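First the structure, in the form of structure tokens, and then the observations on it.
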Amino acid sequence: MFTRSLRYVIVASLGVAAMALAPLGAHAQGTATRTSLYQRLGGYDGIAAYIALVFPRVAQHPELMHMFRGHGRGSQQRQFQLVVELVCQKTGGPCAYIGRPMPPVHDGLGITEANWTTFMKIIADGMDEKRYPADVRAEFLQVWRGFRDGVVRQ
């Protein structure tokens, strides 16, 4: 019935139409990919740069510095690396946090609600300094708030 060339044109046209409509079907079904918070923060390097900005401020704050006394440079570098890995993992990145759970890490430090408030202000100020968009800032703050119950002990 159809000539070989006409069949080829029909099959090719259907294939092109299917490819063109595929993204619309995915979007209509709610499966469109969304950029992860990890990616919106700049990936691993962006997260490491952010932690490098805020980590020293936390460790040197008069209200919080008692929690970092007695840690040598190697220990501080290890803490920094663990925080980067934890934040990377919690924001949808490919990292695997291999540190201990939050409660035993912070047990005995006597971290109060006031300490937490000070910490979160440093965290938020760093986000402002990095000029994260409002949606990124809100989602990133939510990640940090998720650590509260494992950190505040009093």
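Below, all heavy atoms of this structure are taken into account, side chains as well, without hydrogens, waters or symmetry copies. This is a predicted model, so every value here is computed, not measured. The residues of the chain are indexed from 1 along the displayed sequence.
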(message) Assigning hydrophobic clusters by single linkage (Ile, Leu, Val, Met, Phe, Trp, Tyr; side-chain heavy-atom cutoff under 4.5 Å), is Val87 placed with Ile98?
(response) yes
(message) Less than 3.5 Å apart, any donor N or O on the side chain of Gln77 or Gln81 sitting next to an acceptor on the other?
(response) no
(request) For residues Met67 and Ile111, determine if any side-chain heavy atom of one lies less than 4.5 Å from a side-chain heavy atom of the other. (result) yes
(request) Tell me, please, which residues at least two apart from Arg78 pass side-chain hydrogen bond (donor to acceptor under 3.5 Å, both in side chains). (result) none
(request) State which residues pass side-chain hydrogen bond (donor to acceptor under 3.5 Å, both in side chains) with Glu63; sequence neighbours excluded, sorted by chain then number. (result) Asn115, Thr118
(request) Just jot down the side chain to side chain contact (heavy atoms under 4.5 Å, CB included) partners of Gln39, sequence neighbours excluded, or say none. (result) Thr35, Ser36
(request) Could you grab the distance from atom OG1 of Thr91 to atom CH2 of Trp144, nearest 0.5 Å is fine? (result) 10.0 Å
(request) Kindly give the heavy-atom pair with the smallest separation between Ala48 and Val84, and that separation in Å. (result) CA-CG2, 4.1 Å
(request) Report yes if the side chains of Leu37 and Lys90 come closer than 4.5 Å at any heavy-atom pair, otherwise no. (result) no
(message) How close do Trp116 and Arg145 get, counting heavy atoms only, and between which atoms?
(response) CZ2-CA, 4.1 Å
(request) Measure the shortest side-chain to side-chain distance between His61 and Val58 over non-hydrogen atoms and say whether it is less than 4.5 angstrom. (result) no
(request) Return the set of residues passing ring pair (Phe, Tyr, Trp, His ring centres under 6.0 Å) with Tyr38 (not counting sequence neighbours), or none when no residue passes. (result) none
(request) Check whether any side-chain heavy atom of Arg69 sits under 4.5 Å from a side-chain heavy atom of Met65, and report yes or no. (result) yes
(request) Indicate the atoms forming the closest heavy-atom contact of Arg153 with Pro103, along with that distance. (result) NH2-CB, 4.0 Å
(message) Quick check: closest heavy atoms across Val54 and Ile123, and the distance to 0.1 Å?
(response) CG2-CD1, 4.0 Å
(request) Salt-bridge test for Arg40 and Asp135: reply yes if a basic N is under 4.0 Å from a carboxylate O, no otherwise. (result) yes
(message) Distance check, rounded to the nearest 0.5 Å: Met102 atom CE versus Asp107 atom CG?
(response) 13.0 Å
(request) Would you list the pairs meeting disulfide bond (SG atoms under 2.5 Å apart) in which at least one residue belongs to residues 43-101, sequence neighbours left out? (result) Cys88-Cys95
(request) Drop me the distance from Leu53's CG to Glu129's CD, to the nearest 0.5 angstrom. (result) 4.5 Å
(request) With sequence neighbours left out, write down each residue that passes side-chain hydrogen bond (donor to acceptor under 3.5 Å, both in side chains) with Asp128, or none if nothing qualifies. (result) Arg137
(request) Report yes if the side chains of Leu41 and Tyr50 come closer than 4.5 Å at any heavy-atom pair, otherwise no. (result) no
(request) Say whether Gln76 and Arg73, considering side chains only, have a donor N or O and an acceptor N or O under 3.5 Å apart. (result) no
